[in-house]
Protein chains: 2
Amino acid sequence: MAINNIKNLILSAAGKEFLVRGYSGARMQAIADKAGINKALLHYHFSSKEKLYNAVLRDQFASFIESLIELFLREEDLEPWLRRLIARLLREFSARPQFSRFIIWELNSQGKELPRIFAEVLAQSEEGTFLKRIESRLRQYGLQSYPPQQFLMNILSLCIYPGMARPLLEQVMGKEVFSDPNFVGQREEEIFRLIKYGIFLRPGGEK
Amino acid sequence: MAINNIKNLILSAAGKEFLVRGYSGARMQAIADKAGINKALLHYHFSSKEKLYNAVLRDQFASFIESLIELFLREEDLEPWLRRLIARLLREFSARPQFSRFIIWELNSQGKELPRIFAEVLAQSEEGTFLKRIESRLRQYGLQSYPPQQFLMNILSLCIYPGMARPLLEQVMGKEVFSDPNFVGQREEEIFRLIKYGIFLRPGGEK
DNA sequence: GAAAGAATTGACCATATAGTTAAAAATGAG
DNA sequence: CTCATTTTTAACTATATGGTCAATTCTTTC
């Protein structure tokens, strides 16, 4: 761990800068300052801004996506699985408030590295794993005709959007909502109920 | 309308550039090119990049937010109101795919103009209008103890997130999902059912 | 402890980009 | 038409920023 200490230091500093400001808004000088080093040293360890950026992407995403995949694929009964899924998504994303915003921004920005990293990591599990595994789990519980795509979109939307849109929602709903220490817990319960009654116990299971 | 034709031309070109690239990624030269004019003319009509940016923000947001407010406050029975709300949100946002992504990004970027514009427009309706009106509508239907904040977060999340996260979701679920011409219609039905059975008909209306 | 290599630095350079200026072209009033 | 005002342009400037380089310090190996 002490080996490559400086590279990790740089990656961490660069991560903060890139996540907050995006590629074009990030400044090499600011990264050097955050890391407490000289700008030339940045180019010594990572030869260009783009290379450094790509290294940051790998550093930030690989472990993150893998943990998400593991989470989705875990074998568990439907209710505890759903609860765990919601809790983990909410907590992971509220612990890294800039993260989802950054992914959304950069994935829309014609950069080729982020899509490649995604594809790479996803390819490590079998093709179509997410949807197929969700589908089979839904089938176990008699929801064979419910489209897993909708399930995935619902879960991700409900868990990720509010944290990402926090400044907007604070303006519309007041700052108190988010500063409530029990916010995440309440949200967790709300999403769980919404999915449970809105999908699993929805009358007429057919599409 | 023919008056200030050039200013509108510039605002439109600048809108495209800023929405796609963000403030720091946008280039004055690119805006000039898109508008088919000289860069100096940009500074003749809008003295600086920041001023132009602020003008674009006003141009893009004012009318948009007003229409959303009108939509939320409309007097209508619960079911048709909900259906209209969902349909309009989905359609507005999928017609402007870069829009929500841009709002989220810029509202997190310490810029002061976008929050100000929001506050300004929101202040035109009475204080707390959104939540109070949702609350009173829910009350009419016996849902007095259901928190309107959760309702608002659910609706916005479900309608806005998938369009914004499209590149990400396409990687996870395959491109077909979004290219299906009936995608928006299916999503509309799904969200409607989720809210209807997950909130309105949820057993035990208490929080 | 000396030689060799790696890490680090301050002072540079090249270029991209926001912004300026002075002159030309277009427009409009009398 | 003509003069004054507005609009438009090409060429230019200043600066911020990514990147380089030669010299210096630190580390490792024998």
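Just so it is clear, the structure is predicted and the values come from calculations on it, not from any experiment. Lettering follows sequence order; numbering is per chain, from 1.
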(Q) For B:Lys175, give me all partners under side-chain contact (heavy atoms from CB on, under 4.5 Å), at least two apart in sequence or on another chain. (A) B:Glu170
Q | is_close_aromatic(B:Tyr197, A:Phe200), centroid dist under 6.0 Å | A | no
(Q) Can you list, in residue-number order, the parts of residues 43-56 of chain B that come under 4.0 Å of DNA chain D, counting heavy atoms only? (A) B:Tyr44, B:His45
Q | Pairs satisfying salt bridge (Lys or Arg N to Asp or Glu O under 4.0 Å), at least one member in residues 93-106 of chain A, at least two apart | A | none
Just distance, no hydrogens or angles: give the donor-acceptor pairs under 3.5 Å from side chains in residues 54-62 of chain B, sequence neighbours left out.
{"residue": "B:Arg58", "atom": "NH1", "partner": "B:Glu120", "partner atom": "OE1", "Å": "3.0"}
{"residue": "B:Arg58", "atom": "NH2", "partner": "B:Glu113", "partner atom": "OE2", "Å": "3.3"}
{"residue": "B:Arg58", "atom": "NH2", "partner": "B:Glu120", "partner atom": "OE2", "Å": "3.4"}

Q: Let me know, please, whether A:Ala40 or A:Tyr23 comes out on the 5' side of the other along DNA chain D by nearest nucleotide.
A: A:Tyr23
Q. For residues 8-32 of chain B, which residue pairs qualify under ring pair (Phe, Tyr, Trp, His ring centres under 6.0 Å), counting only residues two or more places apart or in two chains?
A. B:Phe18-B:Tyr53, B:Tyr23-B:Tyr53
Q) Under the side-chain contact (heavy atoms from CB on, under 4.5 Å) test, which residues partner B:His43, sequence neighbours left out? A) B:Met28
Q.
Quick check for you: name the first and last nucleotides of DNA chain D, 5' to 3', having an atom under 4.0 Å from a heavy atom of chain A.
A. D:dT17 to D:dC21
Q) Using the ring of each side chain (for Trp, its six-membered ring), is A:Trp105 parallel, tilted or perpendicular to B:Trp105, with breaks at 30° and 60°? A) parallel
Q | Candidate pair A:Glu76 and A:Arg137, rule salt bridge (charged side-chain N to carboxylate O under 4.0 Å, His left out), full reasoning | A | CA-CA 9 Å; A:Glu76 212 167 8; A:Arg137 167 154 292 126; over 6 Å; no
Q.
Could you work out, with side-chain contact (heavy atoms from CB on, under 4.5 Å) as the rule, every residue matching B:Arg21, not counting sequence neighbours?
A. B:Glu17
Q: Mind listing the residues from residues 27-36 of chain A sitting with a heavy atom below 4.0 Å of DNA chain D? Number order is fine.
A: A:Arg27, A:Met28
Q.
According to side-chain contact (heavy atoms from CB on, under 4.5 Å), who are the partners of A:Leu71, at least two apart in sequence or on a separate chain?
A. A:Leu68, A:Arg84, A:Leu85, A:Arg88
Q. Would you say the side-chain atoms of A:Gln29 and A:Asp33 include a donor-acceptor pair closer than 3.5 Å?
A. yes
Q | Contacts of type side-chain hydrogen bond (donor to acceptor under 3.5 Å, both in side chains), residue A:Tyr141, not counting sequence neighbours | A | A:Asp77
Q | Outermost DNA chain C nucleotides near chain A [under 4.0 Å, heavy atoms] | A | C:dA6 to C:dG10
